[in-house]
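So you know, we letter chains A, B, ... as the sequences are listed, proteins then strands, and number each from 1. Nothing here was measured: the structure is a model prediction, and the numbers come from that model. Hydrogens, waters and symmetry mates are skipped; everything else that's a heavy atom, side chains included, is used.
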Amino acid sequence: WLASSSLFPLSCIHTSTPLQNFGKWEKKNRIVYPPQLPGEPRRPAEIYHCRREIKYSKDKMWYLAKLIKGMSIDQALAQLEFNDKKGAKVIKEVLLEAQEMAVRNHNVEFKSNLHIAESMTGRGRYVKRIRYHGKGMFGIMKIVRCHYFVKLVEGPPPPPEPPRTGFDQAKEYVQQLRSRTLVHTL
Amino acid sequence: ESVLRPAGVAPACLVPVRTKKRFSVPEWARELSPEEKEKRLKSSGTVFPEEHIERTFYLACTADIIDPYVPPEGDARLTSLSKDGLKQKMEKLKQTAASQLALRKIKDHDPDFSTKTFPEKAQEIFIEANNYLANFNKQKLHSLVTERCYPEMVRGNRYKTIRWSFVESLEPPRVVHVRCDSIVNRGNLYGQVTVRMHTRQILAIYDRFGRLMYGGEQAPKDVLEYVVFERYLVNPYGTWRMHGKIVPEWAPPKEPIVK
């Protein structure tokens, strides 16, 4: 049936504006791994979720995404609930949706056993409009939208990396000096 | 006519003076009565036939199992104790009037049908259908399983891997129940045959990430099933296809243990 943007009478080519345009992130939920042998360690479940065309700036959203990266899902939800930004509400909804999807469709046992492996923002479709100033002057304003992507992985959150101290840097420097060799010699 | 021109005065010239005229519609714009309309249409010669855009649909299977067979209590559990009694009961059930009538109707349409050879064929269809489900071959599965059974079998399995294998049959399959019914119109016959199978099977379902969800590959389970096969009798090219399973009340499906 005719669900494409270009309505040719004979051909029905799906161009990029039908009802549900599946981007790459949504398709990541469709890969099926072959069954594991009984001796292998259990593969952790990965759930990809995203929300498109959120009416918010991608730069402002980035701060929230960076806040959440690496936290467990309960901690992330708690932080977002008491954050004053507009994007925090949206991201919270997205995380709750993803959690429910995980439990229902992807065979995740405990809903708190998830942590956020990746959380990113992307630029949505911008629209230009006229902003009216005084004295007949005008400016062109951009109506800005963003996408938000999140990847939940089963298991406790990985421990944070210890920050690089001067001692580590010194050790590496000494290692570099020691691994020098002489070339083109006897 | 008008007040300004009395009737006796002869018209000097036909000057279109704006006089107050009573509203009169010209002849060609007048509303016609329906008979006059018909006359005019017929005279012009255009005929518009009534177009009913009908969509035909084809029912290849019934929506549900007609008169579901009620298996006797403790069917597979007491075989060692009262084997003969159960066998007799089974035979009696087979000879119930309705089953015999339906059997006769089926033999009218399909003379090759017999209750002795059919169970083997039925078991073969069952095994093949389950194998195709494990490999997920849509086309062949559709030819072996009716449209009512297909979504039941396939729901939720798109992103899962299923491994199924048939080890052996513990008892020879037997026809237990026959029914014949027509839907929508009289004479639109569908035949349904219930076959009792006691078999040993291995089932293992893996989820999207390859982790074992249900069952196990090393543990064969004994399964007693009442499988219903259906065929569209009036269609000369119809085939017997799996239509559904009957779950007895004394053995409801237990909650599967998720690993």
Side-chain angles (χ1 to χ4, degrees), chain A residues 1-3 9 12 20 22-50 72-73 95 97-118 149-158, chain B residues 51-58 127 129-141 147 150-167 200-221 253-259:
Chain A
W1 59 289
L2 301 172
C12 225
Q20 275 182 318
F22 285 124
K24 289 201 279 194
W25 201 260
E26 286 94 337
K27 288 186 196 159
K28 287 188 193 233
N29 261 340
R30 293 194 192 175
I31 43 167
V32 182
Y33 292 93
Q36 280 181 306
L37 306 162
E40 283 176 21
R42 202 171 147 97
R43 192 182 278 133
E46 294 175 348
I47 298 103
Y48 296 87
H49 194 43
C50 66
S72 71
I73 198 161
L95 285 183
E97 262 178 31
Q99 201 185 37
E100 234 209 270
M101 251 167 55
V103 171
R104 236 180 329 145
N105 303 346
H106 299 276
N107 190 27
V108 163
E109 233 181 303
F110 305 110
K111 67 177 190 177
S112 340
N113 201 19
L114 297 161
H115 70 271
I116 295 163
E118 286 170 23
F149 309 97
V150 83
K151 171 174 156 181
L152 296 172
V153 172
E154 205 178 358
Chain B
E51 288 181 22
H52 287 294
I53 305 170
E54 277 173 16
R55 247 192 116 175
T56 51
F57 52 89
Y58 171 68
I127 296 171
N130 276 325
N131 281 331
Y132 286 138
L133 179 67
N135 300 337
F136 204 62
N137 196 336
K138 250 199 262 185
Q139 284 91 21
K140 296 206 181 139
L141 195 57
E147 285 79 27
Y150 180 80
E152 271 180 27
M153 282 179 100
V154 171
R155 183 163 297 145
N157 290 345
R158 214 210 289 204
Y159 300 117
K160 298 195 180 111
T161 336
I162 301 179
R163 290 233 174 113
W164 185 88
S165 67
F166 184 81
V167 179
R200 193 168 278 169
Q201 297 166 13
I202 291 179
L203 177 65
I205 303 183
Y206 297 90
D207 69 351
R208 231 188 88 209
F209 306 100
R211 313 185 288 199
L212 187 61
M213 256 171 85
Y214 302 124
E217 295 234 21
Q218 315 315 333
K221 302 268 180 181
K254 290 172 257 186
E255 269 291 321
I257 313 164
V258 181
K259 295 204 180 143

A/Phe149: ring-ring contact (aromatic ring centres under 6.0 Å, His included) partners, not counting sequence neighbours: A/Trp25
Audit row: B/Tyr150, B/Lys138, side chain to side chain contact (heavy atoms under 4.5 Å, CB included) steps and yes/no: CA-CA 10 Å; B/Tyr150 180 80; B/Lys138 250 199 262 185; 3.1 Å; yes
Interchain contact, [X] with chain B, by part (heavy-atom threshold 4.5 Å):
{"X": "A/Asn105", "answer": "neither"}
{"X": "A/Pro44", "answer": "backbone"}
{"X": "A/Ile31", "answer": "both"}

Charged N-O contact under 4.0 Å between A/Arg42 and A/Glu154: no
Donor-acceptor contact present, side-chain A/Glu118 to main-chain A/Lys151, <3.5 Å: no
